[in-house]
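Here is how names work: the chains are called A, B, and so on, in the same order as the sequence lines, proteins then strands, and each is numbered from 1.
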Amino acid sequence: MADIAQLLADRDALAIADVSADTQRAAEQFLYRQAELLDEKQWDEWLALFTDDGFYWMPAEEDQTEGDGQPNIFWEDQDLMLMRVARNEHPHAHSQAPHNRLCHVVSNVLVESEEPNGDLIVRSRFHCAEYLRYEVRNFTGKYRHYLRKTDDGFKIAVQRVDLVNREGPYEYVLQWWL
Amino acid sequence: MSWTTEQLAGLVEPDRAHRKAYTDPEIFDLEMERIFERTWIYVGHESQVKNPGDYYLAQVGRQPVVMVRDQQDQVHVLFNRCPHRGAQLCSARQGNAGNHFYCSYHAWTFHLDGKLESMPAKHGYDGTNLDFEDPEFHVSRPARTDNYRGFWFASLSEEGVDLKTHLGESAAAFDQLIDRAPGKETEIVGSCFRMIQQSNWKIFLENQLDSSHPGVTHESIGKAAQHLENKIREDGRDVPMELAFLSDFARLGHDGWTKFGTVGYRNGHSSLEGYMGLRPDDPDTNEYVRLMYEAYGEEKAEEILGINIHHMLVYPCMSIQPPLQQLRSIRPLGPDRTLTEIWHFRLKDAPEAIYRRSLAYYYLVNSPSTMVNADDLFNWWKCQHGLESSASEWVSFHRNAGQDIDKDGITHSAPESMSEMPLRHMMHAWREYMTAGAGD
């Protein structure tokens with residue numbers, strides 16, 4: 001997995017691949033669905049979007065090329081993601097009461113690379129409003145996805161999320177993924 | 001109203017404190033004046049400014065300062081202010097100033113020790129009172145700056161005890177951060193996480209050594225971590241050790257925290273003993289111990305590893321967890337707003353696995369996505385709101401009150417208790433600071 005983070009770092013992050021309309025559409029639909037599952041709290045389905053060794057990654061620094069062994073805002077494999085769901089859904093997770101609401105808008109979807117094996121690297125931008133304890137907080141950032149082509153459709157090997165204000169200060173804790 | 005010394009002293013009783021100490025804006029201003037702008041306040045570690053020209057911004061009380069390393073390798077702490085018209089000299093949180101500070105307003109330049117170097121059209125000052133040798137025209141420095149083994153502090157008051165005397169027994173936490181490295185050096189990693197607490201700075205400090213809260217506040221993450229541990233075991237995989245940082249909350253439960261004693265020291269400092277297996281028995285730890293023996297010899301290494309500090313509070317501005325290489329500095333912004341900066345350290349020449357353990361704690365407990373601190377922050381925010389109410393004027397610190405054990409100026413909590421001794425201890429120190437030399 002760390003290999004994929006490094007692969008993303010080695011690639012030209014401004015490249016645009018010449019892909020078919022079908023591929024472009026498939027990438028867009030996948031990202032919209034990913035965001036919808038987060039907004040609708042469909043955790044089993046959302047976790048199933050990731051490969052078994054997939055990672056959700058929010059780096060602490062812009063120029064970070066690796067998540068493993070580094071300070072991160074998020075660096076979670078399937079185990080830690082499962083734990084987050086179990087914790088946030090626990091009746092005594094009192095800072096999650098009442099539950100938050102999330103609303104994502106995903107846009108500017110650019111397929112960066114279509115690999116010979118059909119895997120895709122996709123860049124996009126998102127805006128997300130979180131409503132928690134009667135206040136709205138806004139998060140904006142950049143997604144970079146490594147999508148692995150499988151018999152079961154695309155799966156996320158890495159979802160890299162770079163917040164525009166990653167350095168903080170954080171007036172909140174990000175208890176759910178963006 | 002303006003507070004008299006007598007009224008301030010009346011806010012703290014042996015087993016309770018008045019809510020105004022946490023909510024009143026005038027009290028907050030007095031705290032800045034009499035505590036944060038008088039005693040020694042942490043600025044930063046020397047490894048934050050490794051190279052000549054490197055600088056890092058900090059805050060002492062309400063005042064912006066910059067820590068900088070000059071071309072002769074000397075570290076200075078200066079006010080981040082141009083003596084000309086008051087503009088900030090450094091505006092990025094960290095950076096490299098090069099050979100000198102350059103003010104972006106009128107191009108005055110200063111040596112990195114603060115001395116005025118030059119400005120354009122210098123002759124305009126001929127025959128005026130501007131004197132290049134006069135400190136008034138240098139970047140000024142706090143009344144006192146000093147460091148303890150590379151940890152830099154500033155005091156805005158000419159008077160008071162020196163840094164070492166102020167730190168007293170709490171200096172052991174810094175010793176531990178360094179001495180636990182087989183390479184006998186410690187280095188700060190990357191940049192810090194900066195978190196704003198929507199609550200009073202004292203509520204944070206009180207929480208840190210409050211052993212009756214973790215089993216309750218952190219029950220949900222404790223249970224979720226236990227659940228994950230079980231699943232990993234069922235899958236036939238090895239359970240990562242760091243999950244115990246979280247599952248311990250559930251294992252110990254609401255009332256299982258009685259085995260961890262607390263100690264109160266002079267000047268308001270305090271510590272928590274023993275919690276979280278300071279020395280687990282696993283191959284990585286054993287390899288680390290071997291390297292410590294090699295570096296120090298067995299006797300000295302055992303002495304270092306035997307120091308029983310899980311968590312040290314250096315009053316009023318730091319929370320340090322030496323066995324996990326974590327350090328947090330506290331910058332109060334208002335009665336109901338507190339900035340914390342959370343750092344972690346790498347022990348020179350320790351096995352990578354030992355670093356990874358402290359990184360895991362940093363991530364799971366202290367990062368902006370933490371599921372531990374999230375519940376603390378919410379409780380503190382709720383306390384701040386609750387204390388606005390006049391339903392009661394008092395905050396209770398009654399747990400095991402009257403049972404503290406005083407010996408040679410050091411206070412120990414009652415054995416086998418989850419005593420609120422550290423909370424009482426800190427508020428009593430607060431009263432001392434707030435009423436000392438107030439002169440009204």
Side-chain angles (χ1 to χ4, degrees), chain A residues 43 52-53 55-64 66-98 100 130 132-135 137 139 161 163 165-178, chain B residues 92-94 189-198 216-229 231-232 235 237 239-240 243 246-247 250 331 333 337 339-344 352 355-356 359-360 362-364 366-379 381-382:
Chain A
W43 306 120
D52 289 346
D53 58 353
F55 269 81
Y56 180 94
W57 181 23
M58 190 184 286
E61 308 272 350
E62 184 175 23
D63 56 2
Q64 217 171 305
E66 226 189 290
D68 190 38
Q70 308 280 324
N72 295 290
I73 310 299
F74 281 93
W75 177 251
E76 301 200 340
D77 59 7
Q78 288 275 3
D79 281 343
L80 289 187
M81 288 194 270
L82 261 178
M83 181 174 77
R84 187 173 290 277
V85 173
R87 182 267 169 187
N88 286 358
E89 297 282 303
H90 192 278
H92 293 172
H94 58 90
S95 60
Q96 277 294 303
N100 72 343
E130 181 188 35
L132 179 66
R133 295 199 281 278
Y134 316 108
E135 281 180 16
R137 306 179 310 198
F139 303 94
V161 186
L163 281 185
N165 55 340
R166 65 184 77 77
E167 294 92 350
Y170 286 80
E171 294 257 357
Y172 37 73
V173 170
L174 294 165
Q175 296 188 60
W176 286 115
W177 307 280
L178 292 176
Chain B
R93 218 165 85 208
Q94 64 186 108
V189 178
S191 56
C192 60
F193 290 137
R194 303 169 85 218
M195 311 277 283
I196 303 247
Q197 304 168 355
Q198 286 155 1
V216 181
T217 299
H218 305 303
E219 182 185 349
S220 61
I221 184 62
K223 292 268 167 66
Q226 268 187 329
H227 180 74
L228 175 60
E229 286 175 341
K231 181 186 172 291
I232 291 175
D235 293 351
R237 293 181 287 144
V239 177
L243 284 179
L246 307 177
S247 54
R331 319 262 183 225
L333 303 174
R337 249 172 104 69
L339 172 67
T340 59
E341 297 173 339
I342 303 145
W343 302 91
H344 74 295
E352 176 70 9
Y355 168 66
R356 294 285 181 124
L359 178 67
Y362 189 63
Y363 176 70
L364 294 170
N366 289 329
S367 78
S369 68
T370 169
M371 290 176 278
V372 177
N373 211 223
D375 287 323
D376 288 319
L377 288 161
F378 190 35
N379 276 343
W381 176 79
K382 289 200 283 191

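For Gln198(B), the part lying under 4.5 angstrom from a heavy atom of chain A is the side chain only. Both the backbone and the side chain of Arg84(A) have a heavy atom closer than 4.5 Å to some heavy atom of chain B. Using a 4.5 Å cut-off between heavy atoms, His218(B) makes no contact with chain A at all. Interface remark: Thr340(B) contributes no atoms to any contact with chain A (heavy atom separation under 4.5 Å). If you measure heavy-atom distances from Gln175(A) to chain B, the contacts under 4.5 Å come from the side chain alone.
Interatomic distance, Arg87(A) CZ to Ile221(B) CD1, rounded to the nearest 0.5 Å: 6.5 Å. Taken to the nearest 0.5 Å, the CE atom of Met81(A) stands 12.0 Å off from the CG atom of Leu228(B). Put simply, CG on Asn72(A) and CZ on Phe193(B) are 7.0 Å apart, with the number rounded to the nearest 0.5 Å. From Met83(A), atom CE reaches atom CE of Met371(B) across 4.0 Å, with rounding to the nearest 0.5 Å. Between atom OG of residue Ser369(B) and atom CH2 of residue Trp75(A) there is a gap of 13.0 Å, rounded to the nearest 0.5 Å. The structure places CH2 of Trp381(B) at 5.5 Å from CZ of Arg133(A), a figure rounded to the nearest 0.5 Å.
The heavy-atom pair separating Val173(A) from Ala374(B) by the smallest distance is CG1-CB, 3.8 Å. Across all their heavy atoms, Pro71(A) and Tyr362(B) have their closest contact at CB-CE2, 3.9 Å. His94(A) approaches Asp375(B) most closely through the heavy-atom pair CE1-O, 3.3 Å. Nearest approach of Leu359(B) to Gly69(A), heavy atoms of both residues: CD2-C, 3.4 Å.
Side chains of Tyr363(B) and Glu76(A): a donor-acceptor N/O pair is present below 3.5 angstrom, by distance only.
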Take Asp68(A) and Arg356(B), measure what side-chain contact (heavy atoms from CB on, under 4.5 Å) needs, and give me the verdict at the end.
CA-CA 10 Å; Asp68(A) 190 38; Arg356(B) 294 285 181 124; 3.0 Å; yes
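Comparing Leu82(A), Val85(A), Asn88(A), Leu174(A) by heavy-atom pairs within less than 4.5 Å of chain B, the highest count is held by Leu174(A). Residue with the most contacts toward chain B among Met58(A), Glu89(A), Glu167(A), His92(A): His92(A) (heavy-atom pairs, distance under 4.5 Å).
For Asp235(B), the CG atom counts as densely surrounded, since its 6.0 Å shell holds more than 12 non-hydrogen atoms of other residues, nucleotides or ligands.
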